[in-house]
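In the text below, chain A, chain B and the rest are named by the order of the sequence lines, each starting its count at 1. The figures that follow rest on heavy atoms only: side chains count, while hydrogens, waters and symmetry mates do not.
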Amino acid sequence: MDKLILIDGNSVIYRAFFAMPPLTNSSGLHTNAVYGFTNMMLRLIQEQKPTHLLVAFDAGKQTFRHEGYQEYKGGREKTPPELSEQFPLLRELLESFGISWFELAGYEADDIIGTLSRLGEESGLEVLVVTGDKDMLQVVSDKVTVALTRKGISEVEPYGPKEIEEKYGLTPLQIIDLKGLMGDASDNIPGVPGIGEKTALKLLHQFGSVEEVLARTDELKGKMKENLVNHAEDAVMSKRLATIHREVPIDRAWDTMTFNGFKEETAVPMLRKLEFKSLLERLNFSGSEGDGQADGTAAEASQVQVDVTIVESASLKELEAVLPEIAGLHVESRGDNPHQAELLGMVLSTKERHFFLQPEVLKSEEAEAVRAWLADEQAPKRGYDLHRADLTLFWHGIPFAGAEFDIQLAAYLLDPTESDQTLSALSAKYNLAPLPSDDEVLGKGAKFKVPDLEIFSTHLARKSAAAISIVPEQRAALEQNEMHKLFYELEMPLSRILADMEKQGVAVDRESLMQLGQEFEAQIAKLVSQIYEIAGIEFNLNSPKQLGEILFDKLGLPVIKKTKTGYSTDAEVLEKLAPYHEIVQYILEYRQLAKLQSTYVEGLLKEIRSETGKVHTYFRQTIAATGRLSSQFPNLQNIPIRMEEGRKIRKVFVPSEEGWYILGADYSQIELRVLAHISGDKGLQEAFLHDMDIHTKTAMDVFRVSSDQVDANMRRSAKAVNFGIVYGISDYGLSQNLNITRKEAARFIDQYFDAFQGVRKYMDDIVRDAKRDGYVKTLLERRRYLPEINASNFNLRSFAERTAMNTPIQGTAADIIKLAMVLMDTALSSHGLKSRMLLQVHDELVFEVPPEELELMSKLVPETMEKALKLSVPLKAEVSSGWNWYEAK
DNA sequence: CATCTCACG
DNA sequence: ACGTACGTGAGATGT
């Protein structure tokens, strides 16, 4: 049967733009959106083999929808210029390929597609619509399928009537009613306030349509009923706006949309001009041409075929024979916390074959040689998230060593802000055969189920195969970005060090923690009864909503700040309310203690492993956009220290061996020292060369006074300014922090920049460079892309500008402490020390140390930290030790 | 599952 | 005029 594909050009190119990293050809032309679009379109053609193909575009600003509702699509951000310039490029590319496109004044691409899909269906064609817009689901029928782009655009998810029923419990036409009730912020369609997707679906399941809901509001109650009654007209109008017009006067015959391969003679020059080398190669246009296979349908895009052997005692020998040829592996586990994950299986792969091992086989006596290979530091391992693999295997008694290339870690360095780090997403990014996601094969949440061995082993083999294909691509990309040193000499070695620290764990004194909990409990109980008594009513103190009602409605305190759902009751607000009513102080104290109790006492107790009496945090190396680590299960990077009450929590973190010490060392002012170095500001450098109190020095220069004239308040202000500088300063942010007016804050900043002109120049330069390059980098070449740096939307742009100022500072500081960790790890083993590195808290390292090494370590640790990287100003680390983490201050 | 609040650097 | 300080993780509530 003939098949028609209709692509919503605007929707797809828009998504492509935001899904792809910035990309320009050598003449500076932005091409990322066109690349993403083309890539997706080619894949689609290969998979679907359409006989007819058309790309529809929106034309003009005004459409018939604006006639009834002028605000339609109002409040939308302006299209970024980097994208606008790609529209003509895309049209040119389509023409060069011989693919037809269409637009019509007054109509949106939606309506053109709606009409053509109806006409196609009526002419007996099978129709596939491709868009990122869920609204389009309303045109689905037995003959019309809508494929929605997913995370990024390289994957699409097809919807027929069955899928819509399964996902929403609705018919295609009811999608219009759904939008009528929900509205759509991006198109400025109001809908009914307070009704989101969940509520709208409930209503439609009960009543069937917007009209029926509105006619029967008497069957409803509460706020929802009120909203529906008051906004009935909005709902009806929203539904009308969301309805796709399927009677657009289009005068085009089907044969203008036929597709039977590309016009090579024009497509190739176009692809060359855009410098889409990988696409040229993929289409076989680059090498020997004219073999007649270059019609875009030659390659099968179906899932990759893998040769899998499910290893049993007998086939173990076969595997042993090829261990030296293992090119990649994949370890599968269940559970977020790798310290308690269940091991589900492992695949070891050569370039041709995949060997699947079930946990029992891997642990069996016969598999000794395989385990020896896994533990062999000299046998290089390549795969996805080897850090997690290491931990999972460790807790199942299987040592792992020799991680050489982790593709998750490489992907993070290549783009640390990419939210989808899955192997499926990486496969798509590198144009590999589509890899089904874990969610698809294994199910997610409660539906998680390990499938039949056949399916499961094939899935893992495909993952391993994908990893093997991705490695060389990433090696080249790292080289290209000059990040190979960062990767091979810093991040890869660090991942092993982190795993060691995590396995070691930190001992927690369970009894002391429980006793601390009892003390908190007593104080909390007292506070609660005092608060109830003063309020004259019992309520849920943990509910900001109920608390707000008490403070603002019942007691009539002034409203300082609102959240989007009601009154704000955060600490900042409560501080301001304290003078008005004695209850507020009690609430503040309650909040503080409740936090300590739930997060730190109860939360920490739950994480103590009974086998070890320790907590084993999981440091993640691929989360923070700046290059910092993060810590989970439990988070040991946010243990209280600022307030004495909370600081006591640190007393329960103790050495794991009798008589040992906890030793902590932290960098002093590392971020400002980094700033002094990269900005080259003479005054700032001078201050650190003389090891001055930096906030006092800042106060002297900003307020133009001598050191003995700096009072506490001036120093406090200077300190806030220094923080602001590091964060990417704004007068608004500083004014909030210091509780002063924006004007006063602006004056401070001005005076600061007058005093530290090198810093001003750095801030100007870094923002300018970021606008030019689309990214910023740290001293060790760590990158962060800033796609919004040229946005026309003030907020987005300002955010990106501050990020451009902050990331090189925070990121370089992260580079430095990571270097120090690698050096310390080496130093500990080369000195043959028993001391162990336990934790990293951004600018601090924590160790446990036997008494005989205390003196040595107290010198070695700060010295090593200070020499981690040579800057134009000295680095300074301060050390202290004690019986527990509290004492090590 | 989103929102608010709060702990850390 | 615009209206946020940078980077994280976790617990509790309420829809």
Side-chain angles (χ1 to χ4, degrees), chain A residues 194-199 202 222-224 336 416-417 445 540-548 561-574 588 591-604 606-607 617-620 623-643 645-647 649-650 666-667 669-671 720-721 723-738 742 745 749 784 792-811 813-814 817 839-844:
Chain A
I195 297 193
E197 178 171 303
K198 293 269 144 48
T199 318
K202 218 165 66 192
K223 193 85 187 160
M224 185 167 71
D336 289 334
T417 52
N540 186 346
L541 256 172
N542 290 324
S543 163
K545 188 162 168 267
Q546 296 183 32
L547 178 60
K561 192 165 69 172
K562 295 195 118 190
T563 68
K564 60 178 155 182
T565 52
Y567 307 118
S568 170
T569 65
D570 65 22
E572 195 188 318
V573 169
L574 295 182
L588 277 165
R591 278 261 177 93
Q592 200 194 350
L593 288 163
K595 173 82 177 175
L596 294 175
Q597 187 72 308
S598 67
T599 305
Y600 296 102
V601 177
E602 290 163 8
L604 212 49
K606 281 189 215 140
E607 295 290 344
T617 191
Y618 174 40
F619 286 111
R620 297 197 62 184
I623 299 297
T626 52
R628 277 190 176 183
L629 300 177
S630 87
S631 157
Q632 287 179 311
F633 317 129
N635 181 353
L636 294 184
Q637 292 183 318
N638 72 345
I639 302 301
I641 190 165
R642 294 173 190 169
M643 307 293 279
E645 277 303 291
R647 193 171 193 154
I649 297 280
R650 294 187 169 227
D666 63 303
Y667 280 114
Q669 304 296 350
I670 187 165
E671 292 187 335
V721 172
F723 268 95
I725 292 293
V726 169
Y727 291 156
I729 199 149
S730 74
D731 49 16
Y732 185 83
L734 183 64
S735 74
Q736 288 289 300
N737 192 284
L738 282 176
R742 224 184 75 234
I749 294 168
R784 177 173 182 177
S792 54
N793 178 301
F794 175 87
N795 275 330
L796 291 178
R797 189 178 64 246
S798 305
F799 195 0
E801 287 170 358
R802 289 195 301 277
T803 310
M805 300 186 238
N806 168 265
T807 295
I809 301 172
Q810 193 182 117
I817 193 163
L839 296 173
Q840 187 251 47
V841 193
H842 309 307
D843 64 356
E844 170 189 15

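To the nearest whole angstrom, the two P atoms, one in dT4(C) and one in dT5(B), are 15 Å apart. Annotation: dA7(B) and dC2(C) have their C1' atoms spaced 32 Å apart (nearest Å). Taking atom C1' in both dG3(C) and dC8(B), the straight-line distance is 26 Å, to the nearest Å.
Within 4.0 Å of A594(A), counting heavy atoms only, lies no atom of the nucleic acid at all. Contact annotation for A720(A): base contact, defined as any heavy-atom pair under 4.0 Å involving a base atom. L629(A) comes within 4.0 angstrom of nothing in the nucleic acid, heavy atoms only. If you check every strand for non-hydrogen atoms under 4.0 Å, G724(A) touches a base. Backbone-only engagement by S631(A) is indicated by non-hydrogen atom pairs under 4.0 Å involving sugar-phosphate atoms exclusively. Using a 4.0 Å heavy-atom criterion, one finds that F799(A) contacts the sugar-phosphate atoms exclusively. No engagement by D666(A) is indicated, since no non-hydrogen atom pair under 4.0 Å with the nucleic acid exists.
Protein chain A contacts DNA chain C from dC2(C) to dT15(C), reading 5' to 3' and using non-hydrogen atoms of the protein with a distance under 4.0 Å.
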How does protein contact run along nucleotides 2-9 of chain B, one letter per nucleotide 5' to 3', with B for base contact, S for sugar-phosphate only, - for none, heavy atoms under 4.0 Å?
-SSSBBBB
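Among I649(A), L596(A), L593(A), the single residue meeting the side-chain contact (heavy atoms from CB on, under 4.5 Å) criterion with V601(A) is I649(A).
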Per-residue pairing states of DNA chain C in dot-bracket (Watson-Crick or G-U under 3.5 Å; . unpaired, | other strand) read .....|||||||||.
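For residues 723-732 of chain A, the salt bridge (Lys or Arg N to Asp or Glu O under 4.0 Å) pairs, not counting sequence neighbours, are D731(A)-R742(A).
The ring pair (Phe, Tyr, Trp, His ring centres under 6.0 Å) search around F619(A) returns none, not counting sequence neighbours.
Side chains of Q637(A) and S631(A): a donor-acceptor N/O pair is absent below 3.5 angstrom, by distance only.
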Considering only distance and modelled atom types, tabulate donor-acceptor pairs under 3.5 Å from the side chains of residues 799-806 of chain A, sequence neighbours left out.
from: E801(A); atom 1: OE2; to: K771(A); atom 2: NZ; distance (Å): 2.9
from: T803(A); atom 1: OG1; to: F799(A); atom 2: O; distance (Å): 2.7
from: N806(A); atom 1: ND2; to: V726(A); atom 2: O; distance (Å): 2.9

